[in-house]
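Given the structure is predicted, the values throughout are model-derived calculations rather than measurements.
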Amino acid sequence: MTIRRLAEGTINRIAAGEVVERPASAVKELVENALDAGARRVDIAVSNGGSDFVLVEDDGMGMAAAELALAVERHATSKLPVGRSGEDDLTQIATLGFRGEALPSIGAVARLAIASRTATGEAHEIRVEGGAVDGPGPAGFRAHGQSGTRVEVRELFFATPARLKFLKSGRSEDLATADVVKRLAMARPDVAFSLTFDGRRFFELESEGDLFGGRLKRLARIMGRDFGDNAVPVETAREGVHISGFAGLPTYNRANAQMQFLIVNGRPVRDRLLLGAVRGAYADFLARDRHPALALFLDCDTEFVDVNVHPAKTEVRFRDSGLVRGLIVSSLKAALAAAGHRAATTVAGATLAALRPNFGSPGGFPPFGHRGVAEEAVNYHAPLFAGESPAAVSVRMESAPERTAADALPLGVARAQLHETYIVAQTEDGIVIVDQHAAHERLVYERMKRALANGGIARQPLLIPEVVSLDSADVSRVAARAGELAELGLVVEAFGPDAVMVREVPAMLGRTDAQALVRDLADDIAETGSALSLKERLEEVSGTLACHMSVRAGRRLTAEEMNALLREMEATPHSGQCNHGRPTYVELKLSDIERLFGRR
């Protein structure tokens with residue numbers, strides 16, 4: 001087989017394929033260029049999913065004619081600093097991308113037009129079609145003194161028609177583009193963004209004015225107002241790594257991890273490290289099939305992180321991934337602990353929705369103000385609870401003393417117990433309904449966790465040490481974590497190059513499969529750098545024990561016992577949710593209850 005050089009056009013198209021995988025990739029590169037140019041506003045317009053037309057316009061510093069010509073050449077950039085040796089320093093990348101890398105890639109596979117003006121110069125335009133450059137030349141773009149750049153991309157992939165066949169539907173491509181723009185908008189709340197699909201405005205985000213102070217407002221606009229209402233601040237720093245952001249309460253959770261975002265030095269990234277760390281931080285509070293919502297911002301020295309792992313720079317590699325993971329876990333746990341007994345506001349909303357009558361069903365109340373509502377209501381004799389007669393409802397009322405200082409406490413004072421399962425408490429401006437078993441289970445579990453942390457985990461020596469066969473890489477990883485595993489009650493040591501020996505196991509696990517346990521640990525350490533499976537097993541056993549030790553549903557409590565439970569919940573972190581992420585109490589404001597009865 002004869003070796004030959006590829007044609008220049010083929011080389012450019014191959015290089016472009018690494019950067020521009022789909023229309024959303026082109027939008028990402030162009031918006032990043034706009035942000036690097038100091039833009040305070042970025043407007044994006046897309047047609048037919050981006051395959052027909054993409055427009056990105058900014059009010060950044062702009063480019064002169066000579067810079068336009070260089071910008072569409074491969075291996076030209078304004079963003080890479082020169083090191084002390086006089087060579088380009090790839091360890092000091094403080095921008096989102098390389099302006100001279102994305103543009104030639106897009107120009108190699110599409111019809112590209114760039115118009116730009118600096119604040120003190122004339123406007124110029126350059127065109128690139130399938131790699132062929134035309135210009136630069138004068139252009140009528142923006143008034144003199146107004147800097148900025150407009151990039152138009154038409155017929156994306158016309159020069160590589162095979163790629164067109166693999167594009168998804170226009171709607172799917174639009175959603176991918178929206179995801180890209182939203183992530184960049186999260187990172188820069190001080191910049192205004194607009195996004196238009198096929199002539200219709202998809203969203204418009206005004207500048208929040210402050211890069212840091214406006215974060216929660218911008219996140220709430222993108223992730224939803226409920227996130228803003230149910231997020232706790234995260235803030236910590238160690239060894240030059242600073243983590244900030246907002247994390248959703250455990251009771252504000254999702255069925256997948258799509259609402260988890262990590263932004264490193266202003267760059268949105270997708271990283272397995274985040275998923276593993278979040279899983280570890282929320283392991284105590286959520287079922288395995290539920291996921292929290294959060295957005296974390298990690299800032300560090302540019303030499304601490306490698307952003308050139310992926311051609312599109314959507315992945316990064318940290319010099320000390322263990323430090324980053326530990327910092328994420330500890331900062332999230334501290335933030336959730338600071339939230340105390342607080343539960344998500346969406347819990348009350350879901351409860352109210354369930355309480356509102358279904359007007360479309362037989363027997364449902366018509367809307368208030370509906371003609372004939374009085375007559376229909378008089379003849380309505382539904383039972384208090386569906387399927388039960390009034391006599392079957394078990395309600396034990398407490399005497400109603402004069403209003404006390406307890407009414408002003410967060411969870412109020414107990415007034416009744418329903419079905420020997422639910423505590424009804426009166427607060428200063430509403431009522432609280434508590435699941436006594438779930439609440440006490442969380443309280444017992446938190447006590448057990450404190451006991452484990454203070455006294456260590458009891459270990460059970462094996463009569464005959466068990467040898468577990470692993471590959472050499474896993475043996476090295478497990479042996480390196482032997483100290484951490486010993487703190488969790490598992491004593492292991494290397495046994496030759498391809499096995500480890502288990503000498504002791506956590507006593508609380510009882511009879512356990514040491515082989516399966518160690519293999520799961522090896523997988524965890526390889527994936528996340530931590531022994532999650534062992535921690536989760538210990539936590540699961542603690543949760544099971546807490547469940548059996550807690551106040552059971554069906555037990556009648558005195559007023560003193562109910563109020564003692566409420567006071568302990570107020571003083572215990574994480575008491576707003578059970579061990580599986582379900583709420584332990586529901587709070588209804590008096591105004592909400594009044595709306596249910598048409599008083600508002």
Side-chain angles (χ1 to χ4, degrees), residues 216 219-220 223-234 245-261 275 278-296 329 331-355 409-412 421-425 427 430-446 449 536 539-540 542-543 546-547 550 553 565-566 568-589 592:
L216 185 57
L219 292 175
M223 299 173 69
R225 187 177 66 182
D226 284 341
F227 176 79
D229 293 338
N230 296 287
V232 293
V234 178
F246 295 89
L249 295 168
T251 42
Y252 180 77
N253 53 62
R254 292 289 181 270
N256 55 48
Q258 295 300 310
M259 290 278 278
Q260 296 176 12
F261 304 97
L275 299 179
V278 170
R279 175 186 162 198
Y282 279 84
D284 270 3
F285 318 117
L286 292 179
R288 294 293 292 267
D289 60 345
R290 303 300 297 179
H291 304 267
L294 52 86
L296 297 181
V329 172
S331 63
L332 288 175
K333 286 191 172 184
L336 295 177
H341 68 277
R342 185 178 157 199
T345 59
T346 51
V347 173
T351 304
L352 288 168
L355 289 174
L409 292 169
L411 297 181
T421 301
Y422 302 101
I423 299 169
V424 179
T427 64
I431 64 172
V432 169
I433 305 172
V434 179
D435 181 335
Q436 66 188 42
H437 172 64
H440 196 245
E441 179 182 350
R442 166 56 74 177
L443 297 177
V444 173
Y445 181 48
E446 291 297 325
K449 282 168 54 182
E536 288 174 351
E539 288 163 355
E540 183 178 354
S542 297
C547 180
S550 61
L565 182 66
L566 297 176
E568 188 174 359
M569 288 177 66
E570 291 167 350
T572 304
H574 319 305
S575 61
Q577 62 275 324
C578 73
N579 303 346
H580 306 291
R582 294 188 294 271
T584 57
Y585 73 90
V586 175
E587 181 177 11
L588 301 178
K589 298 297 184 183
D592 294 326

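- Of all non-hydrogen atoms in Leu566 and Gly412, the two that sit nearest each other are CD1-O, 3.8 Å.
- Put simply, the side chain of Met223 reaches to within 4.5 Å of the side chain of Phe261, judged on heavy atoms.
- At a threshold of 4.5 Å between non-hydrogen side-chain atoms, the residues Asn253 and Pro292 do not count as touching.
- Residues Leu249 and Val232 form a side-chain contact, since some pair of their non-hydrogen atoms from C-beta on lies under 4.5 Å apart.
- Side-chain atoms of Arg442 come within 3.5 Å of backbone N or O of Gln577 as a donor-acceptor pair.
- Within the 4.5 Å cutoff, the side chain of Asp226 has heavy atoms near those of the Tyr252 side chain.
- Remark: Phe227 CZ to Met259 CE distance equals 7.0 Å, nearest 0.5 Å.
- Looking at heavy atoms from C-beta onward, Leu294 lies in side-chain contact with Val278 at the 4.5 angstrom threshold.
- Residues Leu565 and His440 form a side-chain contact, since some pair of their non-hydrogen atoms from C-beta on lies under 4.5 Å apart.
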| Working for side chain to side chain contact (heavy atoms under 4.5 Å, CB included), residues Leu332 and Leu296 | CA-CA 10 Å; Leu332 288 175; Leu296 297 181; 4.2 Å; yes
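- Across all their heavy atoms, Tyr422 and Asp435 have their closest contact at CD2-CA, 4.0 Å.
- Looking at residues two or more places apart in sequence or on another chain, you find a side-chain contact (heavy atoms from CB on, under 4.5 Å) between Thr584 and Ala438, Ala439, Met569, Cys578.
- Partners of Val424 according to the side-chain contact (heavy atoms from CB on, under 4.5 Å) rule, which considers only residues two or more places apart in sequence or in another chain, are Ala416, Leu418.
- Note that CD of Glu568 and CD of Glu446 are 10.5 Å apart. Values are rounded to the nearest 0.5 Å.
- One N or O on the side chain of Thr427 and one on the backbone of Gly430 form a donor-acceptor pair closer than 3.5 Å.
- In this structure, the side chains of Pro410 and Glu570 come closer than 4.5 Å at one or more pairs of heavy atoms.
- Distance check, rounded to the nearest 0.5 Å: CZ of Arg342 to OG1 of Thr251 gives 9.0 Å.
- When all heavy atoms of His291 and Asp289 are compared, the closest pair comes out as CD2-O, 3.9 Å.
- When side chains are defined from C-beta on, Leu336 counts as touching Tyr282, because their heavy atoms get closer than 4.5 Å.
- Note: Leu411 CG to Tyr585 OH = 5.5 Å, rounded to the nearest 0.5 Å.
- A distance of 9.5 Å separates CG in Asp592 from CD in Glu587, rounded to the nearest 0.5 Å.
- When all heavy atoms are compared, the tightest approach of Gly228 to Ala220 is CA-CB, 4.0 Å.
- Annotation: the span from Arg582 atom CZ to Leu286 atom CG amounts to 11.0 Å, rounded to 0.5 Å.
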